[in-house]
Amino acid sequence: MNNKAITCKDLTKRFRDFFAVNHISFEVEQGEIFGFLGANGAGKTTAMRMLCGLSYPTSGEATVAGFNVFKQQEEIKKNIGYMSQKFSLYESLTVRENIRFYGGVYGLSDKQLKEKGDELIEKLGMQQEAKMMVGSLPLGWKQKLAFSVAIIHQPRIVFLDEPTGGVDPVTRRQFWDLIYDAAERGITVFVTTHYMDEAEYCNRISIMVDGRIDALDTPANLRQQFGATSMNEVFYALARSAKRSAD
Amino acid sequence: MRTLRLLLEKEFRQIFRDKGLLPIIFVMPMMQLLIMPLAANFDVKNINLAVVDRDHSTYTQQMVSRIASSGYFHVTGYYTDYTPARQQIEREKADIILEIPAHFEVDLVKENKASVYVAADAINGTKAGLGSAYLNTILTDFNNEIRMKWLPDAAPRPGTIDVTFSNWFNPNMNYRLYMVPGILVLLVTMVGGFIAALNIVKEKEIGTIEQINVTPVKKWQFILGKLIPFWVIGMVDFTLGLLLARFVYGIIPLGSLLLLYGFLAVYLVALLGFGLLISTYSDNQLQAMFVAFFFIMIFMLMSGLFVSVDNMPKWAKMIANLTPVTHFIDVMRMVVLKGSRFADIKMQFLYELAFAVVLNGWAIWNYRKTA
């Protein structure tokens, strides 16, 4: 039994002769905030979907929360939270009803749901909106709510796929407060983003180019390694070498 | 069980909050059941008849007035020549031409034999066929009358075969009795088939299905969570339809209600399985809609509601037997009008059961939590 949240060795996803993810290897420690960077089409989402048990890898090895991604997808699903690029709470259910549904599906009891729900709503300052349809909330609130719902069952790892896309800077800042908060409670955060300031907030980051991981280290080490003053420069240096056209 | 309960709770909330969906589920089918049987009338009336009378005799006068008073024909014009009558058909003003040759009366009296000529516009096949048949019957009656008058009572009469009819299970040949149960089946099919097909695809489209796929919700839980609400809706729709048939059309099922509902229960599972199957193969609602529409169109035309399955060629009968709707319409008519029992509908029941198992099995197999 290893204590790593995620281990990954030569993980590959091939569609015919196209390597969407090409032999990637890395490990993520429990409680770490791991940034997963790369240009559009570099293979981030595909890799993440394999780790979440939504898609079968073509070859390689990987474990998530100690479970095999080839055989134990359903076990993995009990131990992770997931927030996709698309907003995926039910818009025609209220804030409370969404919490009840997703929390309940992960096996929380009615009592736990009530407590966790109250706590979550208070933390987000959404007492007024608790009975509103989720569809009528502004995007930033939706994203904060989606994240809070994704970790309501206290999973070992939460996967976030561009959680702050299209969100204003103030809300983005608040969102990252929530992420830090979750990490402090021991939840491993695996996050993809296109914002380089957000990359600086991560403990370690990896940068994918054309399906491969071309760089993996702490933000400070990466800057030093590439002789750059900011993560932006590091990213440009790597992404410029990409052959694949972005979508 | 708790997961299933949560899924059902969520599904029912969503359905009852969908202001666009509710009227489609409950109001529209009932409106259709009120209107469609009034229009779907197989009686042919108001046949337009153009008469070409080259004889102008008392007998032709009598004959034409007999035809006009039958209630089926509407005499649009008298002509002395064929050409203007034909023009009437070409202009769609007339459906049938009755041509009476010159010397009709003379031939009839002297030679004891005369003929008329009937030409029908067969673009509308039913009208042409039934119209000619009606015309034939009226002329035969007229013929018999003349003969009775001429032949002295004492004289030996030529032997004729008299045919008497009795229409079992629908003595007055009331077409509504025949159509309403069938139309009700179609309506339940449309509502059930479409909403089941569209619902899961909608979750695919907005991305919530991916969120479900990443939770520990089991495949069977998710599918049952979808099937049960629509099954209940199908039951409710059917019940509303039966009540409407009872109070508007006075149709009371002769057979057992339990049998009807038992069959409906299995039928709905088959139908929803079909909707589910479509949704697992479609990426968006538009696609699902077109595919569902295509199949439901076939179901309707092959169902025996409009065209009797018995008259179809062998290959078409096979297709008809492979559509779930056909068997249910059959059973509805048998149980509602004839009071058939389970033993009489066993075959249909087995067919429906097979559809339910195959369609749902296929749908479950094709739905993947991990792609």
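As a basis for the values below, the full set of heavy atoms in this structure was taken, side chains included, without hydrogen atoms, waters or symmetry mates. All values reported here derive from a predicted model rather than from experimental measurement.
Here the closest heavy-atom approach between residue B/G207 and residue A/S88 is recorded as O-CB, 3.7 Å. The heavy-atom pair separating B/R17 from A/T94 by the smallest distance is NH1-N, 4.0 Å. The minimum heavy-atom distance between A/D110 and B/R5, with the atom names listed, is OD2-NH2, 4.5 Å. Nearest heavy atoms, B/L6 versus A/V105: CD1-N, 3.7 Å.
Residue contact with chain A, scored on non-hydrogen atoms closer than 4.5 Å, involves the backbone of B/I206 exclusively. In this structure, no portion of A/M50 lies under 4.5 Å from any heavy atom of chain B. For A/R100, the parts sitting under 4.5 Å from any heavy atom of chain B are the backbone and the side chain alike. For B/L7, the parts lying near chain A are the backbone and the side chain together; criterion is any non-hydrogen pair under 4.5 Å. If you measure heavy-atom distances from A/I76 to chain B, you find no contacts under 4.5 Å at all. Contacts between A/Y102 and chain B at a heavy-atom distance below 4.5 Å involve the side chain alone, from C-beta outward.
Around CZ of B/F293, the count of heavy atoms belonging to other residues, nucleotides or ligands within 6.0 Å does not exceed 12. Atom CZ of B/F295 is surrounded by 12 or fewer heavy atoms from other residues, nucleotides or ligands within 6.0 Å. Few gaps surround NZ on B/K219; more than 12 heavy atoms of other groups in view lie less than 6.0 Å from it. Within a 6.0 Å radius of CZ in B/F290, other residues, nucleotides and ligands contribute 12 heavy atoms or fewer. Atom CZ of B/F294 sits in a sparse spot, with 12 or fewer heavy atoms from other residues, nucleotides or ligands closer than 6.0 Å. At most 12 non-hydrogen atoms from other residues, nucleotides or ligands lie less than 6.0 angstrom from CD of A/E61. Within a 6.0 Å sphere centred on NZ of B/K202, heavy atoms belonging to other residues, nucleotides or ligands number 12 at most. Enclosure of atom CH2 in B/W231 is not indicated, since only 12 or fewer non-hydrogen atoms of other residues, nucleotides or ligands lie within 6.0 angstrom.
Interface check for chain B: of the options A/G104, A/G107, A/S84, the most heavy-atom pairs under 4.5 Å are formed by A/G104. Chain A forms more heavy-atom pairs under 4.5 Å with one residue of B/D18, B/V217, B/N213 than with any other, namely B/N213. Of the listed residues A/Q85, A/E97, A/E75, A/M133, the one with more heavy-atom pairs under 4.5 angstrom with chain B than any other is A/E97. When each of B/E9, B/K10, B/R368, B/Q14 is checked for heavy-atom pairs under 4.5 Å with chain A, B/K10 comes out on top. When each of B/E203, B/K218, B/Q221, B/R2 is checked for heavy-atom pairs under 4.5 Å with chain A, B/R2 comes out on top.
Under the 4.0 Å criterion applied to side-chain N and carboxylate O atoms, B/E210 and A/K86 are not assigned as salt-bridge partners.
Inter-residue side-chain proximity for A/L89 and B/Q211 is flagged as unmet; no heavy-atom pair is nearer than 4.5 Å.
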